[in-house]
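Order of appearance sets the numbers: ligands from 1, and atoms from 1 within every ligand.
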Amino acid sequence: MQLAKPLAALALAISCLMAAACSGSAGKEGDWTLYGLDSNEQRYSPLEQINPDTVSRLGLAWSMELPPQARSMQGTPLAIDGTLYFSTSLSKLYAVNASDGKLLWEYDPEVGKEHPRALRTTQQGSRGIGYFEGSILLATLDGRLVSVDAKTGKPNWVVDTIEEEKGDTRKTITGAPRVFDGKVIVGNSGADFGTRGYVTTYDARTGKQLWRFYTVPGNPADGFEDETQAMAAKTWSGEWWRWGGGGTVWNGMTYDAELNRIYIGVGNSSNYDPAQRSPEGGDNLFLASIVALDADTGKYIWHYQQNPREAWDWKATNEMILTDMDIGGEKRPVLMQAAINGFFYILDRRDGKLLSAEKYAKATWAEKIDLKTGRPVEVANARYENGPVSFYPSQLGAHNWQAMSYNPRLGLAFIPVLQQPGKYWTTPEKVKEAEAFTLGSRHYEFALGSRFSLVKLDKDDGTGALLAWDPVAQKARWTVKYKTGWNGGTMATASGLVFQGTADGWFHAYDAANGKELWKFNAMNGILAPPITYLADGEQYVTLLVGYGAAAPDDPGWRFGVHMPRVLTFKLDGKAKLPSAPPPSFDVTPIDDPSFRIDQASAARGRELWLRNCSICHVPGGANANYPDLRQSAMAQDPEMLRKIVKEGALSALGMPQIDELSDQDIADISMAVRDFARRAANGDTSAPPGSRLF
Ligand code: HEC
C-alpha cells in the first residue's frame with residue numbers, strides 16, 4: 001500500500017487535478033493547510049503510510065498537556081512544514097514542533113482581559129484557524145481577526161470584524177476563518193441573543209476589508225445595503241429588525257475554486273418564535289439557508305432554504321462538502337450537507353437546485369422534502385401552534401459542527417450522528433419575556449419567544465453513531481453505534497481508513513469500506529475534535545485535540561480541572577506513554593454547612609437568575625465538563641466574593657465573564673441558590689437540581 005516517495009507525490013498531484021477544488025490548497029505535499037484539508041472540505045487525506053495493513057502499529061509519538069482553561073478542544077489543527085498550529089478556548093494559539101511536540105511559541109489575544117463581557121454568550125471554544133503565506137489567521141472570541149507570523153508568533157495586523165457593534169458584545173467568533181484566493185472570510189455567532197448575522201471578507205495579506213454580506217435584512221428605514229437585502233426583506237413582516245433577525249454564520253463556509261464562489265451556512269432565527277418576529281408570515285430569508293456568493297464581490301448568486309420560517313433553532317451551519325457526482329445519469333458539480341434537521345441535502349453548485357434530500361437519521365418533524373418546490377412537508381403541529389410537541393431532532397441536530405468527511409473513491413460520507421429528540425413550545429409568558437429581555441436592557445439573556453428542551457422518547461435517545469452514507473443512493477452503507485451521543489468529527493484517508501474519537505475518550509480507526517474497527521486508543525478524556533494527518537520529515541503523523549464539553553447533552557464523567565485538555569500525536573510504532581488520568585467520575589464533594597438556614601424564597605429567585613445568566617456554562621450535575629461545579633466552590637457561597645467575580649469580572653482572564661447588570665440582591669439570591677444546590681447534593685441527590693439547566 002505504501003508508495004515510494006516520488007510516486008506518492010505524483011499520486012497527490014494527480015488526485016489534486018481530479019479534485020476540482022484542490023487549487024484552494026496552498027501547502028506542499030503532506031501538509032494540512034486548510035480547515036477541511038482542501039477547500040472542498042472533504043477531509044480526505046491522500047497519505048497512505050497509515051493504512052488498513054499498518055494501522056494496528058499506530059502508537060503515541062508525543063502528547064502535550066494544556067491548562068484546564070483550554071477546555072473543550074474543538075479545533076482542527078494545521079500542519080505546515082513540520083510545524084503544528086492549533087487554537088484552544090479563549091482563542092489561544094499555539095505552535096509546536098510536529099514531530100516531537102516541543103512548544104515553539106504561543107499567542108494569547110487576552111480576550112478575557114480585553115472584553116470581559118464578550119465571554120458570556122458562548123462556550124468559548126475555537127474550531128480552527130487559517131494559513132496564508134507565512135501567517136496564521138486567528139478569529140478571536142471577541143471578534144478580532146489577527147494575522148500572526150507563523151515563525152515568531154508575533155501579530156502582523158489586527159482588524160475588528162464586529163466593529164460597528166462596539167459595546168454590544170453579544171456577537172462572538174468560535175468558527176474557523178477560511179482562506180481562499182488571497183482572501184479570508186469570517187462569520188460570527190450570537191443569533192440566540194438577538195443579533196443580525198453577516199460574513200466579512202478581508203485581504204489575507206493586509207487585513208483590508210473587501211466585502212460584507214448580511215444574512216438577514218436590517219431596518220428598511222436605514223436603507224438596504226443592496227438589492228439582495230431588499231429581496232430578502234419581502235419575506236419578513238412586522239418589525240423583525242428589532243429582534244436582530246439572527247442568521248449568524250458560525251461554522252460552515254466552503255470555497256468553490258472551480259466556480260469562484262463561497263457557500264455559507266446561515267444560522268437560526270432571532271427571535272425563535274416566528275409569530276413574534278415576523279407576525280404576518282414570510283419565509284424569513286436567509287435563515288437556515290445555504291447561500292452562494294461571488295468570491296470576489298460577495299454578491300448573492302443563489303440560495304436554498306432548508307427550513308422556511310425557521311421555528312426550532314435549526315440552522316444550515318453544518319459543514320458543506322463539494323464534489324462531482326453522477327445523479328440522474330449526469331455528472332454534476334454538487335454540494336452536500338448532513339443538516340441539523342436530519343436530512344442529507346445534495347444541491348447542484350451551479351444554480352442551487354435541490355437534487356435530492358433524504359433522512360439520514362431520525363427526523364420526525366417532516367414527512368419528506370418536496371423536490372419540486374424544495375420545501376419540507378411538515379407534520380401536523382410541527383410549529384407547536386397547537387401546544388407543546390416533541391419530535392426528532394432537537395435543537396442540537398441529528399448532526400452538528402463535528403465535521404463529517406468524504407471518501408470520493410468509495411463514494412461515502414462519514415457522519416457523526418446524534419439521536420436526540422426535542423420538545424418545542426411557547427407560552428404567553430415567553431412572549432412577554434422576549435419583549436422585556438431581547439428588546440430591553442437585559443438582552444444578554446436567552447429569551448427568545450419559544451422554549452426548547454431535550455427529551456427522551458426511546459431507549460436509544462441520547463446515543464450516537466458513525467454513519468457511512470452513500471449520497472448518490474441516499475442510503476446507509478454501514479453504522480457503528482456508540483452509547484454516547486456527542487462525539488468527535490471524522491477524517492477519511494485515501495488508504496481506506498476513517499478516524500473518529502468519541503465522548504467516552506476512545507480514538508478509533510475503522511476500515512472505510514465496512515466499518516470494521518482496526519485500532520483504538522484510550523485518550524482518557526472526551527473527544528469532540530476531528531483528527532488531521534500530515535507528513536513531517538517524510539513520516540506520516542495523526543494529531544488530535546482532546547477535551548470534552550461545549551453544548552454536550554450527555555455527561556460521560558469528565559471533570560473540569562481533573563481531566564486535562566491535551567494534544568495527542570500518533571505515528572507508526574510510536575512508543576510514548578500518555579500520562580495517566582483518573583477514570584471518569586460522577587462524584588460531587590459539595591460544600592455545605594448543615595447549620596446554615598437556606599432562605600427558600602431567595603434561592604427560588606436565585607435559581608431563575610442562574611438559569612438565564614450562569615447555566616450555559618456552570619451545570620451542576622457536571623454535564624458540561626468545562627467549568628467549575630459551583631456546588632464545590634467556596635467562593636460561590638460568599639456573596640461578597642461572588643459579587644467581585646460576577647459584577648467586577650475578577651476572574652475574567654480565566655474566562656469567567658463580567659455580568660455587571662445584576663444587582664447585589666441578585667448576586668445574594670444566586671449565592672443562596674448555589675447553597676441550595678449544594679445542600680441537595682450533600683443530602684445524596686447529586687443529579688442536576690431542577691431549575692439549574694437551560695435544556
Ligand atoms: C460563559 C461561561 C460562563 C458563564 C455564563 C458564567 N461563568 Fe462562572 N466561570 C466561568 C469560567 C470559565 C470560570 C473560571 C474557571 C477557571 O477556574 O478557569 C468561572 C468561574 C466561576 C466561579 C469561581 C469558581 C471557583 O471556585 O473557582 C464562580 C463562583 C462563578 N464562576 C460564578 C458564576 C455565576 C454565579 C454565574 C452566573 C451569574 C457565572 N459564573 C456565569 C464561566 C462562566
Side-chain angles (χ1 to χ4, degrees), residues 66-72 88-92 108 110-113 115-126 141-142 169-174 189-190 192-193 442 444-446 547 549-552 559-565 588-591 602-603 605-620 622-678 691-694:
L66 293 163
Q69 287 74 27
R71 292 199 278 276
S72 75
T88 69
S89 292
L90 295 175
S91 320
K92 274 193 79 171
D108 184 355
E110 302 198 315
V111 291
K113 269 201 215 148
H115 289 103
R117 294 175 187 84
L119 303 167
R120 66 191 297 171
T121 60
T122 156
Q123 296 283 336
Q124 307 179 0
S126 172
L141 205 61
D142 54 3
T169 48
R170 289 176 290 172
K171 263 208 174 74
T172 51
I173 304 182
T174 54
S189 330
D192 304 308
F193 298 88
R442 297 174 69 168
Y444 291 106
E445 306 190 12
F446 271 110
R559 291 294 178 263
F560 177 78
V562 176
H563 301 102
M564 294 301 173
V588 193
T589 333
I591 298 180
S602 166
R605 278 194 304 274
R607 270 200 301 279
E608 191 53 31
L609 290 159
W610 169 282
L611 195 67
R612 304 183 177 293
N613 293 286
C614 320
S615 69
I616 71 162
C617 296
H618 300 285
V619 181
N624 193 325
N626 297 149
Y627 306 95
D629 181 339
L630 296 190
R631 294 176 297 184
Q632 310 186 143
S633 166
M635 292 195 271
Q637 300 201 356
D638 174 349
E640 178 48 26
M641 185 69 88
L642 193 60
R643 197 187 62 77
K644 285 210 169 71
I645 293 173
V646 176
K647 289 187 69 172
E648 293 174 15
L651 298 182
S652 65
L654 299 175
M656 167 63 206
Q658 182 176 13
I659 306 177
D660 43 4
E661 78 275 11
L662 295 174
S663 69
D664 288 0
Q665 184 59 50
D666 290 345
I667 301 282
D669 291 338
I670 292 172
S671 188
M672 192 64 76
V674 172
R675 288 213 183 237
D676 186 41
F677 294 161
S692 65
R693 299 196 57 173
L694 202 58

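For atom 16 (C) of ligand 1, the nearest protein heavy atom (residue, atom name, distance) is Phe560 CZ, 3.4 Å. Remark: minimum distance from atom 29 (C) of ligand 1 to any protein heavy atom is reached at Leu642 CD1, 3.5 Å. In terms of protein heavy-atom proximity, atom 5 (C) of ligand 1 is closest to Asn613 O, 3.3 Å. Shortest contact from atom 12 (C) of ligand 1 to any protein heavy atom: Arg71 NH1, 3.3 Å. For atom 34 (C) of ligand 1, the closest heavy atom belonging to the protein is Cys614 SG, 3.5 Å. Atom 13 (C) of ligand 1 has Met656 CB, 3.6 Å as its closest protein atom, hydrogens excluded (heavy atom only). Among all non-hydrogen protein atoms, the one lying nearest atom 27 (O) of ligand 1 is Met635 CE, 3.5 Å. Nearest protein neighbour of atom 1 (C) of ligand 1, counting heavy atoms only, is Cys617 SG, 2.6 Å.
Checking only distances, Gln69 does come within under 3.5 Å of ligand 1, N or O to N or O. At least one N/O-N/O distance between His618 and ligand 1 falls below 3.5 Å.
Heavy atoms of Val674 stay at 4.0 angstrom or farther from ligand 1. Contact between Trp610 and ligand 1 is absent, with no heavy atom of the residue lying under 4.0 Å from the ligand.
The contact set between ligand 1 and Thr122, taken as ligand atoms under 4.0 Å from a residue heavy atom, comprises 1 (C). Counting the atoms of ligand 1 from 1 in the order shown, those under 4.0 Å from a heavy atom of Leu119 are 1 (C). With ligand atoms numbered from 1 in the order given, ligand 1 contributes 23 (C) to contacts under 4.0 Å with heavy atoms of Leu651. The ligand atoms of ligand 1 that sit less than 4.0 angstrom from a heavy atom of Val646 are 34 (C), 35 (C).
Ring-plane geometry between Trp610 and His618 is classed as tilted, the angle between the planes lying from 30 to 60 degrees on a 0 to 90 degree scale.
Contacts with ligand 1 closer than 4.0 Å are made by backbone heavy atoms (N, CA, C, O) of Arg120 only, the side chain lying farther away. Both the backbone and the side chain of Leu654 come within 4.0 Å of ligand 1, judged by heavy-atom distances. Residue Met641 does not touch ligand 1, judged by heavy-atom distances below 4.0 Å.
Here the shortest heavy-atom distance to atom 32 (C) of ligand 1, taken over Ile645, Asp629, Leu630, belongs to Leu630. Between the choices Ser615, Ser633, Ala650, Pro68, the shortest heavy-atom distance to atom 25 (C) of ligand 1 belongs to Ser633.
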Carefully, step by step, assess Ile591 and Arg631 under the rule side-chain contact (heavy atoms from CB on, under 4.5 Å). CA-CA 6 Å; Ile591 298 180; Arg631 294 176 297 184; over 6 Å; no
Step by step, work out the side-chain contact (heavy atoms from CB on, under 4.5 Å) result for Thr174 and Gln123. CA-CA 9 Å; Thr174 54; Gln123 296 283 336; over 6 Å; no
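Among the atoms of Tyr627, no N, O or S atom falls under 2.8 Å of atom 8 (Fe) of ligand 1.
In summary, Arg612 and Glu661 do not engage in a salt bridge, as defined by a charged side-chain N under 4.0 Å from a carboxylate O. Look at Arg605 and Glu608 and you find no salt bridge, because none of the NZ, NE, NH1 or NH2 atoms lies under 4.0 Å from a carboxylate O. For the pair Lys171 and Asp142, the salt-bridge criterion is not met [side-chain N within less than 4.0 Å of a carboxylate O]. Salt bridge status for Asp192 with Arg170: absent, with no side-chain N to carboxylate O gap under 4.0 Å.
Only one option out of Asp666, Asp676, Asp669 pairs with Arg607 in a salt bridge (charged side-chain N to carboxylate O under 4.0 Å, His left out); it is Asp676.
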